[in-house]
Protein chains: 2
Amino acid sequence: MNDVAREAGVALKTVSRFVNGERNIDPVLAGRIGAAIGTLGYRRNLAAASLRPGRSSRTIGLIISDLANPYYSTIARAIELLAREHGFLLTTASSDEEGDRHDALVDRLLGQQVEGLIVVPPRQAGRAWSQVPGPVPPVVFLDRPGDLAGADTILADNAGGARAATVELLAQGARSVAFVGDSRAISTMAERYRGYADALAEHGLAPDPALVSAAAHSKDQAAAVVAELMASGAADAVFAANNRASLGAVLAFRESGRRLPLIGFDDFEAAALLTPAVSVVSQDVTEMGRLAAELVLDRLSGAPARSDRLQILPTRLILRGSERVGHAAGGDR
Amino acid sequence: MNDVAREAGVALKTVSRFVNGERNIDPVLAGRIGAAIGTLGYRRNLAAASLRPGRSSRTIGLIISDLANPYYSTIARAIELLAREHGFLLTTASSDEEGDRHDALVDRLLGQQVEGLIVVPPRQAGRAWSQVPGPVPPVVFLDRPGDLAGADTILADNAGGARAATVELLAQGARSVAFVGDSRAISTMAERYRGYADALAEHGLAPDPALVSAAAHSKDQAAAVVAELMASGAADAVFAANNRASLGAVLAFRESGRRLPLIGFDDFEAAALLTPAVSVVSQDVTEMGRLAAELVLDRLSGAPARSDRLQILPTRLILRGSERVGHAAGGDR
DNA sequence: TTGTACGCGTTATCAG
DNA sequence: CTGATAACGCGTACAA
């Protein structure tokens, strides 16, 4: 910038005015400055500019568990979209559900002067937020509750969605609905289980431990669980509490040539294409991301914090055919 | 940092040494400094630190067309992984295939002092790279060729993959293989068409305009194209030149209750779960991302540029059943 | 081992 | 409308 000023024969401040698009500047000088910028190949250093108090990096940070997971990349995209509309850049990082890595990313992003943070708390919790050194900018927790007072939190209605799915399976005549999911140490899974149990209770039923599995970490494990349930004849319907469980159930059905009524939690690309098409509890993932970005940007623009710190987004039950009794193939035709 | 120095009763520089983990520092002073940092809630400003010549932001930028697309989010994840191993952060942005947006993002990221750039050139080309003002750090083009001399480029073997797929369909007895794809103004699509035509030529055949469609922009459009091909009986096999075309073909088959031998380009989540399972030409997307990050990081660490600026990654033909003649359902059992 | 003085690129103040 | 000067937070040369 100094070089440009010298080249154009003006003072530093005039160049600063020029590059900031200020109006009160002599057209002649402006022309000289523009020319100097061109010949010198000058580019503004935004990092240096944001050093000034009151100025900011216009960058927000996003920490999710895995960017390759379509669920999170859709969220990231929605955040990025709104961020860009407001002139913000997004720095994204994956924690792999590890507390240490998550904590390191928080420190790094904060050190890098992000102005806001959108975070999916990792399963393996690390340091408490109260122990983060230094001032913490606006934080929004996504998908799972966090432990920072004053932060906004956005959750899906996991219990409500699970309840709706289970109710639907019961309405189809099922009496022994299996719950195929992951560990209930995960908050979302605990909520889904709660909704499942509530639905059973409404029908005068209680969860049967033989029908509840928390071992479906992968789709293959889920497939084994479902195959076992079918072999023993214990279950007459399956609520798959996550994506991998849904895929596992489909695999098991496919293997055995038979199937049980099925509803899964979380939509997936293949769901509508399978035979029968898989019914799911769907979250509005894009809306979650959009809302998270909106909350951060609102607080950055000085808007007062909302009183409702916790927002629970509704889920939608999408019935495609797999919830009904039927054969392994052709159930939807 | 000044405050910390005052609180600890030492000079600025000593605090600087402390936070940089330098060894030559009196343990007593170190203790005082650590305490001061704790009580003051001091945090290092990495952006300010990188202002120093020789210092850097340790951030790289990634511009893709759409982060919500699993193809690109997988790439982003692979890049992020290697970047983090080297202490780099990744700032990701989507161009939506628009040249103007892409150009603005390049300027913004460079202004933000990223040290390297990994870019998927947008379909609707914008400004030439030679017109980017100011110095340009290492750039790697991904998925499509770019126009910056000296940049590395990573492409998939689109022609080879398309050729292999077409050859396989011909080997299955097809004589009238349809090409269902997008506009050949897109470089990848042009390459895939080339491979398709080459395979035909090897069998003494020539592309038949009636069998070649460039209108499959969405899966519904692709479905219409395939439905039309089946109705007219012109085609006896389908090469779906992208993901959406594959899905469209599956939809069309499902609608009509009949099907043609099919191979698609690019793998997709549902492919193995469909009936019959869809055969595809698969790209090693993770390797593309990893390699891109490696090239950027290599040049950042001062390694000499490789002589082979253009790397073409092999594709893999995954046969799952849909390439064979068969009925609409059950072709893989 | 510690401290002083300066510069990195930018913007704000305030006087001209 | 313009410019001289200080300051943002940090690291480095060099002196103590």
Side-chain angles (χ1 to χ4, degrees), chain A residues 1-34 36-37 40-59 87 107-115 133-135 137, chain B residues 1-34 36-37 40-59 87 107-115 133-135 137:
Chain A
M1 198 153 150
N2 249 313
D3 298 343
V4 172
R6 195 172 328 115
E7 173 84 12
V10 299
L12 206 55
K13 178 61 194 169
T14 310
V15 180
S16 174
R17 288 203 180 89
F18 180 87
V19 298
N20 279 321
E22 293 180 27
R23 293 272 153 255
N24 50 345
I25 178 168
D26 187 323
V28 179
L29 295 190
R32 293 221 304 264
I33 294 172
I37 286 178
L40 265 50
Y42 164 79
R43 172 168 48 226
R44 214 153 140 242
N45 183 333
L46 267 31
S50 62
L51 213 58
R52 229 65 232 296
R55 294 257 154 187
S56 67
S57 64
R58 299 193 81 82
T59 293
D107 290 340
R108 177 69 195 280
L109 287 169
L110 257 26
Q112 210 73 239
Q113 308 301 105
V114 298
E115 294 186 63
Chain B
M1 198 151 151
N2 249 312
D3 297 344
V4 172
R6 196 172 326 117
E7 173 86 11
V10 299
L12 203 56
K13 177 58 203 171
T14 311
V15 180
S16 174
R17 289 205 180 89
F18 181 88
V19 298
N20 280 322
E22 293 179 28
R23 292 274 152 255
N24 52 344
I25 178 168
D26 187 325
V28 179
L29 295 191
R32 292 222 304 266
I33 294 172
I37 287 178
L40 264 50
Y42 164 79
R43 172 169 47 228
R44 212 153 143 243
N45 182 334
L46 266 32
S50 62
L51 215 57
R52 231 59 237 296
R55 297 255 153 190
S56 66
S57 65
R58 298 192 81 81
T59 293
D107 290 340
R108 177 70 195 279
L109 287 168
L110 292 179
Q112 212 71 241
Q113 308 302 105
V114 299
E115 295 185 62

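What's counted below: heavy atoms across the whole structure, side chains too, no hydrogens, waters or symmetry copies. This is a predicted model, so every value here is computed, not measured.
Within 4.0 Å of A:Met1, counting heavy atoms only, lies at least one base atom of the nucleic acid. The residue B:Tyr42 sits close only to the backbone: its heavy atoms come under 4.0 Å of sugar-phosphate atoms, none of a base. Here B:Leu46 lies out of heavy-atom contact (under 4.0 Å) with every strand.
Both A:Ala48 and B:Pro27 lie close to DNA chain C; mapped to their nearest nucleotides by heavy-atom distance, the more 5′-ward contact belongs to B:Pro27. Each of A:Arg52 and B:Asn2 has a nearest nucleotide on DNA chain D; the 5'-most of these lies closest to A:Arg52.
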**OP:** Evaluate side chain to side chain contact (heavy atoms under 4.5 Å, CB included) for B:Arg43 paired with A:Leu110, printing each intermediate quantity in order.
**Re:** CA-CA 8 Å; B:Arg43 172 169 47 228; A:Leu110 257 26; 3.3 Å; yes
- Task: Assess whether side chain to side chain contact (heavy atoms under 4.5 Å, CB included) is satisfied between B:Phe18 and B:Val10, documenting all intermediate values.
- Result: CA-CA 11 Å; B:Phe18 181 88; B:Val10 299; over 6 Å; no
Checking B:Tyr42 against B:Val19 for the side chain to side chain contact (heavy atoms under 4.5 Å, CB included) test, could you report, in this order, the C-alpha distance in whole Å, the side-chain angles of both residues, the deciding distance, and whether it holds? CA-CA 10 Å; B:Tyr42 164 79; B:Val19 298; 3.9 Å; yes
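Checking A:Glu115 against A:Ser56 by side-chain atom types alone, a donor-acceptor pair falls below 3.5 Å.
OP1 or OP2 of C:dT2 has not a single side-chain nitrogen or oxygen of B:Thr14 nearer than 4.0 Å. For C:dT11, the OP1/OP2 oxygens have a side-chain nitrogen or oxygen of A:Asn20 closer than 4.0 Å. For B:Arg44 and D:dG11, the shortest distance from a side-chain N or O to OP1 or OP2 is below 4.0 Å. Close to C:dT11, at under 4.0 Å from its OP1 or OP2, lies a side-chain N or O of A:Ser16. Distances shorter than 4.0 Å separate none of the side-chain N or O atoms of B:Asn24 from OP1 or OP2 on C:dT2.
Taking atom CD of residue A:Glu22 and atom P of nucleotide C:dT13, one finds them 12 Å apart after rounding to whole Å. For the pair B:Arg55 CZ and C:dG9 C1', the computed distance is 17 Å after rounding to whole Å. Regarding A:Gln112, its CD atom lies at a distance of 16 Å from the P atom of D:dG9, rounded to whole Å. Atom CD1 of A:Ile25 and atom C1' of D:dG3 are 12 Å apart (whole Å). Regarding A:Leu40, its CG atom lies at a distance of 13 Å from the P atom of C:dG9, rounded to whole Å. Look at CZ on B:Arg6: it is 12 Å from P on D:dG9, rounded to the nearest Å. In this structure, CG of A:Leu12 is placed 12 Å from C1' of D:dA6, rounded to the nearest angstrom. C:dG7 atom P lies 17 Å from atom CG of A:Leu51, rounded to whole Å.
Between B:Leu46 and A:Arg108, some side-chain heavy-atom pair lies under the 4.5 Å cut-off.
Of the candidates D:dT12, C:dT11, D:dC8, D:dT12 carries the atom nearest the B:Lys13 side chain, counting heavy atoms from C-beta on.
In terms of polar N and O atoms assigned as donor or acceptor, the side chain of B:Arg17 never comes within less than 3.5 Å of the base of D:dG11 in a complementary pairing.
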